[in-house]
Amino acid sequence: MTKKINNFNVVLFSGFLILLHLPFVFAKSIPKEIPVTNSAVSIGNIIEVSLAKSTIKKEYAQYLVIYEDLNLSTLGMSKDAFNNAVRGWSHLVAEGKISNESIISIVDFTLPSNKKRLFIVDLENHKLLFNTYVSHGRNSGQLFAKDFSNQPESYKSSLGFYVTQGTYNGKHGYSLKLSGEDKGFNDNANARAIVMHSAPYADENVVKSQGYLGRSLGCPALPPSVYKPIIEKIKNGSCLFLYSPDQKYLATSKLLRA
């Protein structure tokens, strides 16, 4: 009888010790509290950004068919130039920087200057409005534009996305101001006085005489015969894109990688 009582006491005491240690065991196994509010905000931000990107992607995709619809390849425009143009344009629209959303202007520097490499497209009505010559900077190359810069006094063309501004009358006559939106690539446009204007060296007759256009100090200069209707069409808040398959630009432009 005494032995049974002793055994019972041992079991009872062991149970007491186990109960005594249970809080410590569970305390070690329970993870630290997660700040629910912060997590919810983070998840909300991720969802919001994802939805925004999804919307941009959808808007961007619906315009890619225009390249085929207008047979732009037969005019020499590269598909990459058009696709990248629409991609960056869609981000500028989403950021509220474009007030004239239906018009996009593309300069395709994969083409030489003796080809009509400025394309102005009406995205809303699926129309090619203009296709003409456009010059590049004198230090960017002769027949082809290959070297680009954002630096003052470089006399080179600057790649990337611009938003057209207002017009003025300057030393080249009726001209169009441009705002460079590609940081590090063309955001010195105002400081460099990079504008769209008319120039006699951008005329087709110059191509016939020497095989290539004359060159500017970095401005996309237009033929005197068509510059006025072009500037009138694209002024005040449309997108202008100067494209080249420049690896540094394609890899680091925020508007193409957003």
Next on the checklist: Let's go through E68 and K79 carefully: what are the C-alpha distance in whole Å and the side-chain angles of both, what is the deciding distance for salt bridge (charged side-chain N to carboxylate O under 4.0 Å, His left out) to 0.1 Å, and is it a yes or a no?
Outcome noted: CA-CA 9 Å; E68 307 294 343; K79 192 169 186 178; 3.2 Å; yes
Checklist entry - Taking the inter-plane angle between the rings of F241 and F161 on a 0 to 90° scale, is it parallel (under 30°), tilted (30 to 60°) or perpendicular (over 60°)? => result parallel
Item to check | Straight-line distance of L123 CG to I66 CD1, nearest 0.5 Å | outcome: 4.5 Å
Item to check | Over all atoms of both residues, closest heavy-atom pair of P152 and N188 | outcome: CD-ND2, 4.3 Å
Next on the checklist: For residues 191-202, which residue pairs pass the side-chain hydrogen bond (donor to acceptor under 3.5 Å, both in side chains) check, not counting sequence neighbours?
Outcome noted: S154-R192, S158-R192
Item to check | L256-Y63 co-clustered via ILVMFWY side chain contacts under 4.5 Å | outcome: yes
Next on the checklist: Within the structure provided, determine whether Y133 and V226 are in side-chain contact (heavy-atom separation under 4.5 Å).
Outcome noted: no
Next on the checklist: Within this structure, what is the NZ-CG distance for the pair K228 and L222, rounded to the nearest 0.5 Å?
Outcome noted: 13.0 Å
Next on the checklist: Nearest 0.5 angstrom please: K127 NZ to S102 OG, how far?
Outcome noted: 11.5 Å
Checklist entry - Is there a donor-acceptor contact under 3.5 Å linking the side chains of N150 and D187? => result yes
Next on the checklist: The criterion is salt bridge (charged side-chain N to carboxylate O under 4.0 Å, His left out); which residues satisfy it with K115, sequence neighbours excluded?
Outcome noted: none
Checklist entry - With distance as the sole test, does S175 use its side chain to make a donor-acceptor pair with the main-chain N or O of G173 at under 3.5 Å? => result yes
Checklist entry - Do D122 and I103 touch side chain to side chain, with heavy atoms closer than 4.5 Å? => result yes
Checklist entry - In Å, rounded to the nearest 0.5 Å, how long is the span from CD1 of I120 to CD1 of I106? => result 10.0 Å
Checklist entry - Taking only residues at least two apart or on different chains, which pairs with a member in residues 97-108 satisfy salt bridge (charged side-chain N to carboxylate O under 4.0 Å, His left out)? => result E95-K97, K97-E181
Next on the checklist: Go through it in stages, so that I can follow the logic: the residues are Y67 and M77, the test is side chain to side chain contact (heavy atoms under 4.5 Å, CB included), and I'd like the CA-CA distance, side-chain angles, deciding distance and then a yes or no.
Outcome noted: CA-CA 9 Å; Y67 180 83; M77 184 198 283; 4.3 Å; yes
Checklist entry - Stepwise, does the side chain to side chain contact (heavy atoms under 4.5 Å, CB included) test hold for S140 with K156? => result CA-CA 5 Å; S140 284; K156 294 181 180 182; 3.5 Å; yes
Item to check | In one Ile/Leu/Val/Met/Phe/Trp/Tyr side-chain cluster, 4.5 Å: L255, F109 | outcome: yes
Checklist entry - Should Y162 and V121 be regarded as members of a common hydrophobic cluster, given that ILVMFWY residues are connected when their side-chain heavy atoms come within less than 4.5 Å of each other, either directly or indirectly? => result yes
Checklist outcome for this item: Of all heavy-atom pairs linking S113 and H136, the shortest is CB-CE1, 4.0 Å
Checklist outcome for this item: Tightest non-hydrogen contact, residues T252 and F185, listed as OG1-CZ, 3.1 Å
Item to check | Beyond-backbone contact of F119 with N131, side-chain heavy atoms, under 4.5 angstrom | outcome: yes
Item to check | Heavy-atom closest pair, residues A221 and A202 | outcome: O-CB, 3.7 Å
Item to check | CG-NZ distance between L176 and K235, expressed to the nearest 0.5 angstrom | outcome: 9.0 Å
Next on the checklist: In the structure I gave you, are the side-chain heavy atoms of L143 and N114 within less than 4.5 Å of one another anywhere?
Outcome noted: yes
Next on the checklist: Tell me whether L217 shares a hydrophobic cluster with F144, the cluster being built from Ile, Leu, Val, Met, Phe, Trp, Tyr side chains joined at under 4.5 Å.
Outcome noted: no
Next on the checklist: Can you confirm whether S238 sits close enough to I104 that some side-chain heavy atom of one is under 4.5 Å from a side-chain heavy atom of the other?
Outcome noted: no
Checklist entry - Considering only heavy atoms from C-beta outward, does the side chain of Y243 approach that of P245 to under 4.5 Å? => result yes
Item to check | Residue pair N84 / S253, side-chain heavy-atom distance below 4.5 Å | outcome: no
Next on the checklist: Once rounded to the nearest 0.5 Å, what's the spacing between atom CG of L240 and atom CH2 of W89?
Outcome noted: 15.0 Å
Checklist entry - Under the side chain to side chain contact (heavy atoms under 4.5 Å, CB included) criterion, do V163 and I98 qualify, and how do the steps go? => result CA-CA 7 Å; V163 175; I98 302 293; 3.8 Å; yes
Item to check | Donor-acceptor under 3.5 Å (R257 side chain, A251 main chain) | outcome: yes
Next on the checklist: Centroid separation under 6.0 Å, is that true for the rings of Y249 and F148?
Outcome noted: no
Checklist entry - Is it true that a side-chain atom of R117 and a backbone atom of V134 form a donor plus acceptor pair closer than 3.5 Å? => result yes
Checklist entry - Which heavy-atom pair separates M196 from I230 by the least distance, and what is that distance? => result SD-CG2, 4.4 Å
Item to check | Verdict with supporting geometry, N236 and N100, side chain to side chain contact (heavy atoms under 4.5 Å, CB included) | outcome: CA-CA 7 Å; N236 296 329; N100 185 355; over 6 Å; no
Checklist entry - Can you check whether P220 reaches I194 side chain to side chain, under 4.5 Å on heavy atoms? => result yes
Next on the checklist: Ignoring hydrogens, what is the shortest heavy-atom contact between L178 and A189? Give both atom names and the distance.
Outcome noted: O-CB, 4.0 Å
Item to check | Within one Ile-Leu-Val-Met-Phe-Trp-Tyr cluster: L75 and L213, side-chain cutoff 4.5 Å | outcome: no
